[in-house]
There are 2 protein chains.
Amino acid sequence: MKDLNISLKQLRYYLVAAKHKSLRQAAKELRISQPSLSAQLKLLEDVLGVDLFERTRGGVTLTPLGRKLITETTAAVNAAESIIDAANFATKGPTGTFKLGVSPSLGPYSLPWILPAVRLEFPKVKFFVREEVPSSLVDGLASGNYDLIFSPLPIDDPAITAMPLFREPVFLVVNANHPLARFENIKASQLSGLDILAIEEHHHFFKLVESLCQRFHAHLLRDYEGSSLDAIRQMVYMEMGGAFLPALYIKSEIRDRDELHVLSIEDESIYRVHALAWRNTSPLHDFYRSLGEFFQQEIKKQFKQTVIMM
Amino acid sequence: MKDLNISLKQLRYYLVAAKHKSLRQAAKELRISQPSLSAQLKLLEDVLGVDLFERTRGGVTLTPLGRKLITETTAAVNAAESIIDAANFATKGPTGTFKLGVSPSLGPYSLPWILPAVRLEFPKVKFFVREEVPSSLVDGLASGNYDLIFSPLPIDDPAITAMPLFREPVFLVVNANHPLARFENIKASQLSGLDILAIEEHHHFFKLVESLCQRFHAHLLRDYEGSSLDAIRQMVYMEMGGAFLPALYIKSEIRDRDELHVLSIEDESIYRVHALAWRNTSPLHDFYRSLGEFFQQEIKKQFKQTVIMM
DNA sequence: TCTAATGAAAGGTTTTTCCTATCATAAATA
DNA sequence: TATTTATGATAGGAAAAACCTTTCATTAGA
């Protein structure tokens, strides 16, 4: 067997130093002295027989190899941390702070109604919530920046387990003055040529809207992309066009039905599917699954009329 | 960030102790004294707040939790080792001993013609070869017991990357006295009712033969399962029935075409696909791929007439 | 020029890890 | 039954590793 003459401590030092690009600042975060950090990093480099950093005036830079090994190192450190998690878990039950990533087109309109109940059910569990675009969420989950993500499908990463929770319908929203505003339902054909506003391209929701426009021959206004669903709503107010908006957003943000009008499309089921996802390798698999079930339960309680459970 | 007050050393001690079920013997393998080992394990247990071992007269036993955490611990230690591998790799090129798992119905008839060339191409690389049934190979690969496996597809594990290398035709082999022995090719319909010998059920090759028998309405002799392809061949000698045998086996082991007769089935392409596979997480991805290409190259050189490259 | 920030080096202290020797216990053996 | 052999635990001390403080040389910026 190998000698394995490196320590987790060194690996963590390595990661923190790489993050700060400064040994002094990294040492401060690690609450050790800079020389100690220097020494440990040098030791690590010696054992690996590799230069990880390029020491320059004004900081350190990762060498190409150093950059490459960051991935492996993160994996190793995460794996070790997950042992601690699993052990705590076994003794104290669900405990600890979980890094939860969530899509900006989903989180603000669902989590506020879910998390309070979760707090009651799992009092010792805390969530550190961060919003990001789904593609970044998946990357972040895979690389260990998140423990869990709550995001629309698809999630195409074989290293990630996704647990579909529910379908969220998508509706067409127009200004009350719009010609279509006198209908409750419209036929797909009535969408033809309609001006449609969409969120910025890097959002996941954009792709859905784009495909809808293509399918129904509606006209996607690419010059006025909104930076958030709220921005889209504002633009619909200003009669710049109609918009596809997800049901949870509509339920939570659109109250004055006088100024905005919500339409569904006949005979077409338009929805996105949201899932809770985690790394396959996580030892907390069972807990995550039961957490997903609890999410479902709460969503069902609060949004029975709005979404379709899976 | 977490304190991460455990060390890789402790984790390795834990694994070795779990393997030996005896602290003294584990200490011997680790080349430390037994009290040192005891102390480190106790320390690990204290930090984790968990009992890993049950100390009894006559050895140690893993607690249920200790058994569970073995998985995570192995993962962490492997991850750390892969950092070392990747670093060595970057400086010294392909180096080290790789644990190569191979199917018993493939390895003996292909590796002897491949590995010598590999040794010339990558002189600093050594292979520790072990034969096992493909399902065990996949498990072993996933859990880090192997670095690489050379095995027939399918390999259905999302954590594993499989690189298909070539197709290996499968032929029907009968005794020279058999009525079918006067043909070179036969029609699928001629297989109907034929007695077919197969390898033991837990082998991967059994499933292929079983499905072939079903497809061609041949009669699978389940009472006389062979423990190896050679055993099957012996039984064909003894006129107990025909057998489906893979091309590489036939080429390497069946020389005397007088006593055994090899038949192919007209208009039917019967083959299995062999792949080289490794963990997705391995940092040596690129090397493994080029190794796969080298395998292909050698196989093409030696078995151009026998197999179909991919 | 002066200041502030960088990483490296030297020497000493603290902490951790390990070893030897010893013990108590229990199972196998004579 | 007495003896031997194996188990892990304990105590005390030695060796190694990690760390700290102080100091230095260099460089970028004010």
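Here the structure is a predicted model, which means the values were calculated and not measured. Naming: A, B, ... by sequence-line order, numbering from 1 per chain.
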Review point. Given dC20(D), is OP1 or OP2 found less than 4.0 Å from the side-chain N or O atoms of Ser36(A)?
Key: yes
Review point. Which residue lies toward the 5' end of DNA chain C, Leu23(A) or Ile32(B), if each is placed at its nearest nucleotide?
Key: Leu23(A)
Practice item. Find the distance Tyr13(A):OH to dA17(D):C1' and express it as a whole number of Å. Key: 12 Å
Review point. Asn5(A) has an atom CG; how far is it from atom P of dT17(C), in whole Å?
Key: 14 Å
Practice item. Consider the side chain of Arg24(B), meaning its heavy atoms from C-beta on, and name the nucleotide among dA18(D), dA8(C), dT22(C) that approaches it most closely. Key: dT22(C)
Review point. If you look at every strand shown and take non-hydrogen atoms under 4.0 Å, does Phe53(B) touch a base, only sugar-phosphate, or nothing?
Key: nothing
Check your understanding: Does Lys99(B) NZ have over 12 foreign heavy atoms under 6.0 Å away?
Key -> yes
Revision key, fill the gap. The nucleotide from dT6(C), dG8(D), dC19(C) with an atom nearest the side chain of Ser38(B) is dG8(D)
Practice item. Could you tell me whether Glu54(A) contacts a base, only the sugar-phosphate backbone, or nothing, with contacts defined as non-hydrogen atoms closer than 4.0 Å? Key: nothing
Exercise for review: Specify whether Phe98(A) and Phe127(A) have parallel, tilted or perpendicular ring planes, treating 30° as the upper limit for parallel and 60° as the lower limit for perpendicular.
Suggested key: tilted
**Study point:** Distance test, side-chain N/O of Lys9(B) to OP1/OP2 of dC18(C), below 4.0 Å
**Key:** yes
Practice item. Determine, stepwise, if the pair Asp147(B) / Phe128(B) fulfils side-chain contact (heavy atoms from CB on, under 4.5 Å). Key: CA-CA 10 Å; Asp147(B) 300 309; Phe128(B) 177 77; over 6 Å; no
Study note, to complete from the structure: Here the distance between atom C1' of dA9(C) and atom CZ of Arg55(A), to the nearest Å, is 14 Å
Practice item. Confirm from the modelled atom types if Gln40(A) and dA18(D) form a donor-acceptor pair under 3.5 Å, side chain to base only. Key: no
Review point. For the side chain of Pro35(A), counting heavy atoms from C-beta on, which of dT17(C), dT6(C), dT22(D) is nearest?
Key: dT22(D)
**Study point:** Distance in angstrom units between Lys21(A) NZ and dA5(C) C1', rounded
**Key:** 17 Å
**Study point:** d(CG, Leu11(B); C1', dT17(C)) in whole Å
**Key:** 16 Å
Exercise for review: Could you check whether Ser33(B) gets within reach of a base, just the sugar-phosphate, or nothing at all, counting any heavy atom under 4.0 Å?
Suggested key: base
Practice item. Please name the residue in the list Gln34(B), Gln40(B), Lys42(B) that meets the side chain to side chain donor-acceptor pair (under 3.5 Å) test with Ser38(B). Key: Gln34(B)
Exercise for review: Select from Val60(A) and Arg31(B) the residue whose nearest nucleotide in DNA chain C is closer to the 5' end of that strand.
Suggested key: Val60(A)
Practice item. Specify the separation, in whole Å, of atom CD of Glu45(A) and atom C1' of dA8(C). Key: 13 Å
Check your understanding: Could you state the CG-P distance from Leu37(A) to dG7(C), rounded to the nearest angstrom?
Key -> 9 Å
Exercise for review: Determine, for Arg55(A) against Glu45(A), whether the closest basic-nitrogen to carboxylate-oxygen distance falls under 4.0 angstrom.
Suggested key: yes
**Study point:** Rounded distance in Å - CD (Gln34(A)) to C1' (dA8(C))
**Key:** 7 Å
